[in-house]
Amino acid sequence: MILSQWDRRIRRATELTSTYPFGAEGLRFYARVATFQKSLYAEIQKALADTPKISADRPLRDELDLFLLLPHFSPFLSVIKQIAPVPLAQAAVQLAEKGPAGWQQAIEDFWHGDPELTAAEDISGPAEAGDSHDANFSDRLLAWIFLQPYAEYLADHREIAIVDGTPSTCPLCGGKPIVGVLRSEGDGGKKSLICMLCAHEWAFRRIYCPACGEEREPQMAFYSAPEIAHVRVDVCDTCHVYLKSIDLTKTGLAVPVVDELATIPLDLWAREHGYEKLQINLLGT
Ligand SMILES: [Zn+2]
Ligand SMILES: [Zn+2]
């Protein structure tokens, strides 16, 4: 049952609240976001139960069922108003005021636009009223959170595609990787990446920069902290971009997207050392 993937994330976020107090506030927010996403996924599943699987050669983002999605957008904004840090809650109020035409615009802009969020702004910091750049960033962040369950449903109900090579962006939807995963396989271990939008996981090379394509070993390094031994920071010294990887050989209990959110000290460390994150997460970190 696919709904259980949401339950695993919610459970892990709740667990990590006590393990990593520095991430507790963000994790509590995430657990409530994921609870909403789980119910939206269930609605989508119910509505699309009788539709055929999407063919493997069709880009996932050719789909966009606004008739299905739009009625859920206003309830989503109401939830965000109640649970989000102040700046994001304010952005939800402003977006709610724009009405259905504005909501559709926000959804379409994100879905059909660049599949990334690059403005690394702190959503827990003070909001500057009237700053249109901030508003645009927040609208994209809201659309991203809202569209994840839909994208994930499409990825889960799609014919299996044969992927050539090891692309640096999601072979299904073109999204950037949000986190890497290491699993044991013989002696070497196996690396894969998880998509920011549809949560698809695809195989990746162990020594290769997903931002610039660097593959010379001396340029690629990873760092970890003893107190968070199962999460490491993979950095590229050519383009100065980093991405976290969750080492499931060290703890099988980890849920990569949640452990990524929880380990804020590693982001602070990376930024202090001049590295920029490949893809910010939905806490804006
Ligand atoms: Zn994807
Ligand atoms: Zn690079």
Side-chain angles (χ1 to χ4, degrees), residues 2 5-6 9 34 37 40-41 44 53-65 69 107-108 110-118 120 140-141 143-181 191-223 232-245 255-257 260 267 270-271 273-282:
I2 284 163
Q5 72 206 14
W6 298 102
R9 293 172 192 158
Q37 290 180 320
L40 181 55
Y41 188 100
I44 293 164
K53 285 197 171 191
I54 307 166
S55 89
D57 51 15
R58 199 172 145 86
L60 190 143
R61 281 204 266 182
D62 280 5
E63 311 286 323
L64 183 59
D65 193 338
L69 293 170
I107 291 170
E108 285 181 332
F110 184 83
W111 192 256
H112 298 306
D114 259 351
E116 60 179 318
L117 255 85
T118 46
R140 288 177 61 75
L141 185 59
W144 177 26
I145 295 171
F146 177 75
L147 286 165
Q148 274 182 332
Y150 178 63
E152 212 165 309
Y153 178 86
L154 295 178
D156 290 339
H157 296 84
R158 192 172 186 278
E159 288 173 356
I160 306 291
I162 311 292
V163 177
D164 283 339
T166 51
S168 295
T169 54
C170 175
L172 302 193
C173 78
K176 280 189 177 184
I178 188 100
V179 65
V181 185
K191 184 171 184 180
S192 53
L193 301 177
I194 294 181
C195 173
M196 64 173 291
L197 180 59
C198 76
H200 176 67
E201 184 175 336
W202 72 97
F204 201 64
R205 290 160 63 182
R206 281 180 68 85
I207 312 283
Y208 191 81
C209 172
C212 75
E214 180 60 78
E215 55 187 345
R216 290 172 297 170
E217 200 159 345
Q219 293 301 103
M220 306 292 296
F222 64 85
Y223 299 93
R232 64 182 220 190
V233 181
D234 294 324
V235 305
C236 170
D237 283 318
T238 301
C239 69
H240 303 283
V241 163
Y242 79 95
L243 179 71
K244 286 187 222 169
S245 287
V255 176
V257 292
E260 196 285 318
D267 294 292
R271 291 194 174 116
H273 288 79
Y275 299 106
E276 189 189 335
K277 203 170 194 179
L278 178 63
Q279 173 57 56
I280 61 158
N281 61 37
L282 53 78

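Every value quoted in this text rests on a predicted model; they were computed, and no experiment measured them. Atoms within a ligand are numbered from 1 in the order they appear, just like the ligands themselves. No hydrogens, no waters, no symmetry mates; every other heavy atom, side chains included, goes into these values.
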State the CE-SG distance between Met196 and Cys173, to the nearest 0.5 angstrom. 8.0 Å
So, Gln37 versus Glu152: side-chain donor-acceptor pair below 3.5 Å or not?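 Side-chain D/A pair, Gln37 to Glu152: absent.
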Near the Zn ion (ligand 2), meaning under 2.8 Å, how many protein N/O/S atoms are there?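 Under the 2.8 Å cut-off, the count stands at 4.
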Give the ring-plane orientation class for Tyr41 versus His157, where under 30° counts as parallel, over 60° as perpendicular and anything between as tilted. tilted
Of all the heavy-atom pairs spanning Ser55 and Glu159, show the shortest one and how long it is.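 Taking Ser55 first and Glu159 second, the nearest heavy atoms are CA-OE1, 3.4 Å.
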Show the nearest heavy-atom pair for residues Ser245 and Asp234, with the distance to one decimal. OG-OD2, 2.5 Å
Ignoring water, what protein N, O or S atoms are under 2.8 Å from the Zn ion (ligand 1)? Cys170 SG, Cys173 SG, Cys195 SG, Cys198 SG
Go through the steps for Glu260 and Lys277 under the test salt bridge (charged side-chain N to carboxylate O under 4.0 Å, His left out), then give the verdict. CA-CA 12 Å; Glu260 196 285 318; Lys277 203 170 194 179; 2.6 Å; yes
Could you tell me if the side chain of Lys191 sits less than 4.5 Å from the side chain of Thr166, heavy atoms only?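 Counting from C-beta outward, Thr166 and Lys191 never come under 4.5 Å.
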Check ring pair (Phe, Tyr, Trp, His ring centres under 6.0 Å) between Trp202 and all other residues, then give those that pass, not counting sequence neighbours. none
Restricting to side chain to side chain contact (heavy atoms under 4.5 Å, CB included), what partner residues turn up for Glu215, sequence neighbours left out? Arg205, Tyr208
